Amino acid sequence: MTKQIDDWALATLALRVGHDRTPEGEHSEPIFATSSFVFKSAAEAAARFGGDEPGNIYSRFTNPTVQAFEQRLAAMEGGDSCVATASGMSAILAVCMGLLQTGDHIVSSRSIFGTTHVLFNTYLTKFGIETSYVDLTDLAGWEEAIRPETKLLFLETPSNPLTEIADISAIAELAHSRGCLLVVDNCFCTPVLQQPLALGADIVVHSATKYIDGQGRCVGGAVVGDAKLVGEEVFGVLRSTGPTMSPFNAWTFLKGLETLSLRMHKHSENAAQLANWLQNEPLIETVHYPGLVSHPQHQLMLKQQHASGGILSFVVEGGQEAAWKFIDATRMLSITANLGDAKTTITHPATTTHGRLSPEEKAMSGISDGLIRVAVGLEDAADIQADLQRGLDSLVE
Ligand SMILES: *Cc1c(COP(=O)(O)O)cnc(C)c1O
């Protein structure tokens with residue numbers, strides 16, 4: 001690993017950690033497109049396989065490009081170890097397979113990524129692992145849901161799409177007082193805006209597909225934490241079950257990390273400007289954005305995050321018909337459920353990302369028919385506003 005100067009700031013870590021330059025003297029990180037590695041002798045091969053000597057064997061286990069990404073993200077999150085995965089979902093799966101067994105129990109916030117619900121409810125249950133759901137912001141609810149067999153507490157903050165904020169320190173303290181681990185999906189903030197490990201969380205998971213890539217190109221994920229839980233247990237799952245990150249994707253994500261700090265602050269700045277404008281528009285009932293003083297956890301966000309993030313949502317008067325009309329009237333924004341892209345995306349959660357929920361579940365999760373989510377990109381904020389104005393105009397036609 002590159003020599004790391006102790007007090008480097010995050011923006012420097014994002015550029016300088018992880019690349020061990022080869023004798024060619026390359027400036028950009030090379031893509032090691034190789035499935036296996038060659039040994040100098042039979043004895044060296046035996047030593048590597050026996051674990052007596054460190055080094056590469058096979059790219060399902062380790063690959064230098066992937067390791068550069070892992071070391072860089074670990075440094076940025078402030079963790080000892082990082083394991084890169086083929087997707088965000090395989091990061092969450094690897095944590096569950098590495099740390100849980102039949103009979104264990106998870107307490108999770110209700111407002112998590114839809115496929116994480118499917119993983120917990122459809123697949124982990126097949127192996128006798130149950131999940132209970134609680135409100136992200138209800139600390140007493142978290143406490144009541146913990147059972148003797150609870151092993152993991154799992155949350156995403158800010159939540160999608162209502163941008164509720166969890167008190168990571170308080171939930172970490174609760175987890176530890178009851179012998180549980182806290183896992184935080186840090187996809188929406190990235191280490192630039194929030195470092196859950198420093199707030200007491202044990203493990204951070206990422207969908208690198210989102211802001212870490214930042215330009216909507218590759219699918220990938222990562223798990224960050226200490227050397228034992230992540231470096232041994234989660235790594236062991238990846239090594240033996242195989243959802244590892246490809247070297248090409250790792251290279252793309254390394255390039256993403258280099259500009260992550262600049263981008264996250266610009267996403268936040270653009271989103272804050274739009275949220276401030278939207279909250280004064282008469283046809284908008286509510287704006288959900290943690291940067292607004294009116295947001296219920298605004299003070300907590302200021303304490304826990306370095307900026308308010310790029311995701312906002314709002315409710316238009318007139319339910320689904322009005323929301324669809326609004327979305328269809330935009331001309332520049334991309335109608336897609338992806339987020340964390342440089343291009344602004346707009347989506348109707350009730351009929352897409354949250355379409356599988358029953359009417360009761362939607363009501364409980366605050367997914368109303370007039371709700372629209374915008375993942376604010378890096379275009380000029382005035383152009384995004386002009387496009388959203390087309391949506392507003394369509395409601396009075
Ligand atoms: C997209 C997403 C995931 C899943 O990541 P994939 O890379 O799509 O597998 C998990 N958590 C959150 C918060 C996400 O937005």
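This chain uses plain numbering: 1 for the first residue, then up along the sequence. These numbers were taken from a predicted model, which means no experiment stands behind them. Indexing begins at 1, ligand by ligand and atom by atom, following the structure's order.
- Nearest protein neighbour of atom 14 (C) of ligand 1, counting heavy atoms only, is K210 NZ, 2.9 Å.
- For ligand 1 and M89, the ligand atoms under 4.0 Å from any heavy atom of the residue are 4 (C), 5 (O), 6 (P), 9 (O).
- In terms of protein heavy atoms, atom 11 (N) of ligand 1 is closest to D185 OD2, 2.6 Å.
- With a 6.0 Å cutoff to the six-membered ring centre and a 45° limit on the axis angle, R110 does not count as a cation-pi contact of Y133.
- Considering both main-chain and side-chain atoms, G88 comes within under 3.5 Å of ligand 1 through a nitrogen or oxygen pair.
- L99 and I112 fall within a single hydrophobic cluster, where Ile, Leu, Val, Met, Phe, Trp and Tyr are joined by side-chain heavy atoms under 4.5 Å apart, directly or via other members.
- Between the S268 side chain and the M264 main chain, a donor and an acceptor come within less than 3.5 Å of each other.
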Would you please test Q279 and S294 for side chain to side chain contact (heavy atoms under 4.5 Å, CB included) and show each step? CA-CA 10 Å; Q279 70 173 346; S294 59; 4.0 Å; yes
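- Less than 4.0 angstrom separates some heavy atom of T209 from each of these atoms of ligand 1: 6 (P), 7 (O).
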Could you check T336 against S334 for side chain to side chain donor-acceptor pair (under 3.5 Å), going step by step and ending with a plain yes or no? CA-CA 6 Å; T336 169; S334 313; over 6 Å; no
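- For K126 and F120, the positive end is not near the middle of the six-membered ring at less than 6.0 Å and at most 45° from its axis.
- For ligand 1 and G220, the ligand atoms under 4.0 Å from any heavy atom of the residue are 7 (O).
- Annotation: T116 places no N or O atom under 3.5 Å from an N or O atom of ligand 1; distance criterion only.
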